[in-house]
2 protein chains.
Amino acid sequence: MRLSKRGEYGLRAMIVLAEPVDKNSMPVVQIKEIAQREQISAKFLEQILLALKNAGLLHSKMGVGGGYYLARSPREITLGQIFRVLDGPVAPIKCVSQMSYEPCGCPDEQTCGLRLVMGDVRNAIADILDNTSLADVNKRQISVRKKLGIK
Amino acid sequence: MRLSKRGEYGLRAMIVLAEPVDKNSMPVVQIKEIAQREQISAKFLEQILLALKNAGLLHSKMGVGGGYYLARSPREITLGQIFRVLDGPVAPIKCVSQMSYEPCGCPDEQTCGLRLVMGDVRNAIADILDNTSLADVNKRQISVRKKLGIK
DNA sequence: TCAAAAGTATACTAGTACTATAGACTTTAT
DNA sequence: ATAAAGTCTATAGTACTAGTATACTTTTGA
């Protein structure tokens, strides 16, 4: 039940890109900067951000002073959207996938016990990922920091 | 967020092995029989059941009339136990694993937003898998069949 | 007693996915 | 014009997946 490095890095990068910036500074962040902050290979991150751009979650600006920025407000981008771009369906088994169903080959799908339970698992995961926006993540981070009295 | 074939087949086999049998027939089932019923390569299933046996979830009887049977009552074997033997930790990322924690390399684990959310995901999955026994699965199957009016 | 049924154990393999790395190209600000 | 930045595609090493293969051990019962 693993999140790939691709997914991990992409989610972390998106969370960084959603961080509230001081007003009237253009919220464009460079790959290199994210890579450094999060200790990720910049070249690998390149591919990941490109995929997120092609999926419409990021926009970019080329050339000097360029970089990436969110295509929509952090409130409107969920972790589920990001996850699906980078790691595919949320469901642990294809036959319970809402977004990309496929039969799994069990003798009788309707009464397959595994399918029943894995359906619950899928729903539990999707519930969290699809109802947590980048803004929510930032809010939580801030409240944790406050609680710990840091920064 | 995928369940491997190994995990899938193992869980399916365990569910079969937990099926209520007519009283006083020894509940020993052969690999071949499970493989046929569930459409799984018998040789592959062999390895899987062996792993489950070595983990103490199954017992076996060698020789003619032998086979596998559950080491404990279906009420006492959870899907979480089976899953962990075959597919490893439930957590989507190592730094939120209860059973086999490892740092994941983010700059500050305490305030890592991804970690906070993935912790929730881990708990949601573990909640289901660790609180669903083989007996529960069978009960659900039966109730689904009843509802559908089959068999 | 010995053959057949059944599990045990390990090695091997083809294919695919993962995790990058590399390099050539395009766009843009100054 | 040049350097900074993203774009795009190819490639490589490694690990994992999903099996196959093979030789063995244990047990039963004819």
Side-chain angles (χ1 to χ4, degrees), chain A residues 1-13 17 26-36 38-71 83 85-89 92-94 104-105, chain B residues 1-13 17 26-36 38-71 83 85-89 92-94 104-105:
Chain A
M1 230 54 125
R2 281 292 283 284
L3 175 66
S4 71
K5 283 292 174 189
R6 197 174 140 85
E8 180 191 329
Y9 294 165
L11 285 162
R12 292 232 300 260
L17 282 163
M26 232 274 209
V28 174
V29 186
Q30 290 155 30
I31 293 177
K32 229 193 297 181
E33 196 185 320
I34 302 174
Q36 254 167 24
E38 299 288 328
Q39 309 268 59
I40 302 170
S41 141
K43 271 302 196 180
F44 191 25
L45 188 56
E46 232 176 74
Q47 291 177 30
I48 296 167
L49 295 187
L50 195 54
L52 290 169
K53 184 200 150 130
N54 291 334
L57 298 181
L58 283 180
H59 287 162
S60 64
K61 198 171 163 250
M62 271 188 160
V64 178
Y68 281 96
Y69 56 97
L70 299 183
F83 183 96
V85 169
L86 298 173
D87 273 21
I93 194 168
K94 296 170 295 180
C104 69
Chain B
M1 229 59 124
R2 281 293 284 285
L3 176 66
S4 71
K5 283 291 174 191
R6 195 174 142 87
E8 180 190 331
Y9 294 164
L11 284 162
R12 293 232 301 260
L17 283 163
M26 230 270 208
V28 173
V29 187
Q30 291 155 29
I31 292 178
K32 229 194 297 183
E33 197 185 319
I34 302 175
Q36 252 166 26
E38 300 287 328
Q39 310 266 60
I40 303 171
S41 143
K43 272 299 194 183
F44 191 25
L45 188 55
E46 236 176 69
Q47 292 175 28
I48 296 167
L49 296 187
L50 194 54
L52 290 169
K53 184 201 148 129
N54 291 333
L57 298 181
L58 284 180
H59 287 161
S60 65
K61 198 171 161 249
M62 272 186 159
V64 177
Y68 282 96
Y69 55 98
L70 299 183
F83 182 97
V85 168
L86 298 174
D87 272 22
I93 195 168
K94 296 169 297 180
C104 68

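Chain naming here is simple, since letters A, B, ... match the order of the sequence lines and numbering starts at 1 in each. What you see is a predicted model, and the numbers here were worked out from it, not measured in a lab.
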## Note on the structure
Under a 4.0 Å heavy-atom criterion, the protein footprint on nucleotides 5-17 of chain C, written with B, S and -, is BBBBB-B------
### Query
What is the distance from CG of A:Leu45 to C1' of D:dA5, rounded to the nearest Å?
14 Å
### Query
Does A:Lys5 have any salt bridge (Lys or Arg N to Asp or Glu O under 4.0 Å) partners at least two apart in sequence or in another chain, and if so, which?
A:Glu8
### Task
Could you state the atom-to-atom distance from CG of A:Leu86 to P of C:dC18 in whole Å?
11 Å
### Query
Considering residues at least two apart in sequence or located in another chain, which fulfil the ring-ring contact (aromatic ring centres under 6.0 Å, His included) criterion with B:Tyr9?
B:Phe44
### Query
How close or far is atom P of C:dC18 from atom CG of A:Leu3, stated in whole angstroms?
11 Å
### Sequence-distant partners of B:Phe83, ring-ring contact (aromatic ring centres under 6.0 Å, His included), two or more places apart
none
### Query
What integer distance in Å separates A:Glu33:CD from D:dG6:P?
10 Å
What donor-acceptor contacts under 3.5 angstrom involve side-chain atoms of residues 53-60 of chain B, with partners at least two apart or in another chain?
from: B:Lys53; atom 1: NZ; to: B:Ser60; atom 2: OG; distance (Å): 3.1
from: B:Asn54; atom 1: ND2; to: B:Leu50; atom 2: O; distance (Å): 3.4

### Message
In whole Å, I'd like the distance from the CZ atom of B:Phe44 to the C1' atom of D:dT20.
### Response
11 Å
### Summary
Taken in chain and number order and not counting sequence neighbours, the residues that satisfy side chain to side chain donor-acceptor pair (under 3.5 Å) with A:Glu38 are A:Arg12
### Query
Are any of the side-chain heavy atoms of A:Tyr69 and A:Val29 separated by less than 4.5 Å?
no
### Query
Whole-Å distance between C:dC18 P and A:Asp87 CG?
7 Å
### Query
Which whole-number value in Å describes the distance from A:Ile48 CD1 to D:dT7 P?
14 Å
### Message
Using whole Å, what does the distance between atom C1' of nucleotide C:dT19 and atom OH of A:Tyr9 come to?
### Response
8 Å
